[in-house]
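For ligands, and for the atoms within them, numbers begin at 1 and follow the listed sequence.
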Amino acid sequence: MKNRNQTNEKSNQLESHSASNEETKLTTNQGVKINDNQNSLKAGNRGPTLLEDFILREKITHFDHERIPERIVHARGSGAHGFFKLNKSLKKYTKAKFLSEVGKETPVFVRFSTVAGSKGSTDLARDVRGFAIKFYTEEGNYDLVGNNIPVFFIQDAMKFPDLVHAVKPEPDNEIPQAASAHDTFWDFISLMPESMHMIMWLMSDRAIPRSFSRMEGFGVHSFKFINEEGNVHFVKFHFKPRLGVHSVAWDEAQRISGVDPDFHKRDLWESIENGSFPQWDFGVQLIPEEDEDKFDFDLLDPTKIIPEEEVPVDIIGTLTLNKNPDNFFAETEQVAFHPGHLVPGIDFSNDPLLQGRLFSYTDTQLSRLGSPNFHEIPINKSINTVHNNQRDGHMRQQIVKGKVSYEPNSMGGGCPFQAMISEAGFISHQERVSGTKIRERSRSFVDHYSQAKLFYNSQSAPEKMHLQNALVFELSKVTIPQIRERMVGQLNYIDKTLAKNVAKKVGVGIKELDFPNQSLPADSNPISLQSEEKETYTKSSDALSMKNTVKNTIKGRKIGFIMANGVDSRSINDLKMQLENKGATIEMIAPDLASVKTNDGSILTPKHSLTSTASVCFDALFIAGGEDSTKELLASDNGHHVLNFINEAYKHCKAIYFGNGTEPIYMKSNVSSKKHDDPAIITWRDANSENNFVIAIAKHRVWDLEQERNS
Ligand code: HDE
C-alpha cells in the first residue's frame, strides 16, 4: 500500500543507524572501534582513573545530556505511525490535495498525551488528552493539534500561563502530581465562568478514557477551508473512534494508576503489535462563511461546540494507526507539532486562543529541542524536499552547497524561486480586517453557562452521577472552604440539583456569586446575564453522551481468563477462539506463573498471576470451568484474590462469565447475593452463554446497574 510504504520509508530513515548486524562493532561517536566497554582507563588497575580516557568521557558526557526538557504541558505522551485515507472529496471546499482525491492515503504520526502531569506520571490521571496529528502531505506537513474534548478552559491565549500554573503541582511543595484536585486549580476555575463548559467535560468520564482508541478527537477551534475559487467555509474537525467512546470508572482509574500506570501506552502498543489497528472516522462540520453569525454563540469562541444537531458531522475519511515507533525518544519525544503548520487550502480563524497558539509552539520547540533546526529531525521532516535560504544554527543537518544563501540572486541561477500562484504556494485567505486596537473580549463570547447546561443535560443518569462524584472528589481536596463555596455557586448556574448535591458533600452552602469577571466588558458579566430563559435552558444533544456511541463490537477488548490446574480445556479453547475471532485479546490468569495442566493433560501458560495484575486491567472476566480448578482457586492462598478480582469487576459493572463447575466461587462472591436480572452476569446455567458473554462485553459496561451492583 502506497501510504504504508511511505510511512515505513519515514521510519526507515530512523533505522539507518540501528545495530542489528552481527558484524557491527562497538565504536565511539567518531567511529573508532572500542575493544573494552567494561573498564575505564586507570593508572594501574587499582589506581585513579585518567582524564585522558576519551572513551569513558564521551560515553558519560552523552549520558549526562540524554534528557531534554520535557514539554511544559502534554509531557506524557504515546505515539504511533499510520495513514489517513480520504473516502469523500472535499475539493468543493478546500484545495488541500490530501483532502481532494478520493482514495488518497497520507502518512501520519499521531501523539496522544495527558496535559498536566510530568513525563513519568500515570496515564489514568483525570485530565484532557492531547490528540495531535502530523499529516506528511505532498504539499508539506499539516499538523492538527487537537484534544479529546471539543472545547477549552479559556477564550484568550492571555490566560494560558495562568491556567497551567493553576493546574500544575503547587509551586511551594510540588504537590500534587498529574491531578487537578487541589486548591490552586479550583481557586482559578471558580473565578473563571468561561471554564464552566470545559469543567463539565473534564469532570465527566471523558477525562478517564478506557484507551486512546476509544477517545474522540477534536480540532477544537474553528479553522477555515479555502477552495480554488477562494471561497471560504469555517470548519470544525472531528475524529470518531470505530470502537465507540468508552471510559473507565474513577475508582478503576485510581487502581490502574498503581497496577499499570502505562495502561494507555501499553494498550496502544499492544493493539498495533497484535494487528488490531486503532481506527477513527474523520469528519468535518462545514459552515459557509456567510453563515458565520447565525449561531447563538460565536464561532470564534473555543469554549463552544457546534451541536451536531445544528451542523451534522460529515465523515470523509479514515485514520488508521498501524505501526509503533521504533524509538520512543527519536519519534514520540522529538516530534514537534504546531497549529501553524498548514498546507494550502486550510487557514486559521481569528479565534483568540488559536492566534496565541500560533506564537507558542515554535517558541517552545526552541527551548525543548534546542535549535531552530528541529524540522530536520527525521520525525519532523516533510516528505517533500525543503529548499530555502535559511542556514546554520545548532545541529544543522542539511549540507547546502555553493555560495548563495539569499534571494534574489544571479549567482545561484536565481534558485530557489518563489512558487508561481499556479504552482500551489500557500496563500493566506484574504480577509478584510479593520478595527480599533483594543484589549477587550467580544460581547459575543459572554454566555458561559448555556453549553455547560447543554452538556450536563445530555448525559445519561450514570454519567451525571459520575460527573457529580468527580466534582465531590476534586472539591473535597480543596482545603479552603471559600473556594469550594465559590465553585458550588458556579455549578448552581448550570444545574441546581447538581450544585445542591455537591454542596452537601463538600460541606458548604449555596450563595450567589458576586465577584467581577475581569475578562469581559464591565457591563457584560455572565453572572448578571443569567436571564430566566438561560436558567431554564433544557436543550440536549445525543452526540454528547458516551452511552450513544456503543458499537456492537468486542474488538480490542481485553478479557481475563481465571483458571488453575484441572481447568476444562475445551471450554477455554472454544471461548478463546470465539472471542479472538471477534478481535478481543485473551490473557490467562492463574494462582502463580507456573504452567497450568488442564483436564485433558494439555499445558497452558498464564500471562499473569492473581497478585501481579488486577481486574481493573480487563474489560471482562471468564472464571473458567472445572471442579479441580475451582478448588485450587478457592484454596486458602488464592481464595481472597479470586474473590477480590470478581467483586471488583462486579463493582465496575463489567461482564463476568462463570463456567461450568465454578458455582462455589460464584456463591462466595458478591455476585450471588444480588437478585436482579443482570444481563452482564453469565453463568453455567444460561443457554447461549458464550453468545451472551460476547453481547455483554460489546456493551462495555452495565453502568445502569451500577447503583444496584454497589448497594
Ligand atoms: Fe497546546 N501547547 N497550547 N493546546 N497543545 C503545547 O507545545 C499552548 C491548546 C495541544 O503531542 C506546547 O510542543 C498555548 C489547545 C496538544 O507534542 C505549547 C495554548 C489545544 C499538545 C502549547 C494552548 C492544545 C500541545 C507544549 C493557548 C487543543 C501536545 C509542548 C493559547 C486544541 C502536542 C509543545 C504534542 C502542546 C501551548 C492551548 C493542544 C507550550 C499557548 C486549545 C495536543 O507550545
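The N/O atoms of Asn147, backbone and side chain alike, include none that comes under 3.5 Å of an N/O atom in ligand 1. Checking only distances, Tyr361 does come within under 3.5 Å of ligand 1, N or O to N or O.
Residues His341 and Tyr142 fail the side-chain proximity criterion, which asks for heavy atoms closer than 4.5 Å.
Under a 4.0 angstrom heavy-atom cut-off, Pro302 registers as lying outside contact with ligand 1.
Between the choices Gly146, Ser360, Ser113, the shortest heavy-atom distance to atom 43 (C) of ligand 1 belongs to Gly146.
Salt bridge present: Asp162 and Lys159 bring a charged side-chain N and a carboxylate O closer than 4.0 Å. A salt bridge does not link Glu309 to Lys539: none of the charged side-chain nitrogens sits closer than 4.0 Å to a carboxylate oxygen. Taking 4.0 Å as the cut-off between side-chain N and carboxylate O, Arg206 and Glu216 count as a salt-bridged pair.
With a 4.0 Å heavy-atom cut-off, ligand 1 is reached by the side chain of Phe337 but not by its N, CA, C or O. Under 4.0 Å from ligand 1, the heavy atoms of Thr364 that appear belong solely to its side chain. Residue Val145 touches ligand 1 through backbone and side chain together, judged by heavy-atom distances below 4.0 Å.
For ligand 1 and Val73, the ligand atoms under 4.0 Å from any heavy atom of the residue are 2 (N), 6 (C), 26 (C), 30 (C). Near Ala157, meaning under 4.0 Å from any of its heavy atoms, are these atoms of ligand 1: 31 (C). Atoms of ligand 1 found under 4.0 Å from any heavy atom of Gln365, numbered from 1 in the order shown, are 13 (O), 34 (C).
Taking the six-membered ring wherever Trp is involved, the centroid distance between the rings of His238 and Phe218 falls below 6.0 Å. Aromatic pair Phe212/His264: centroids less than 6.0 angstrom apart.
The protein atom (non-hydrogen) at minimum distance from atom 17 (O) of ligand 1 is Arg71 NE, 2.8 Å.
Each of Phe237, Phe131, Phe239 was scored for a ring pair (Phe, Tyr, Trp, His ring centres under 6.0 Å) with Trp280, with one residue passing: Phe131.
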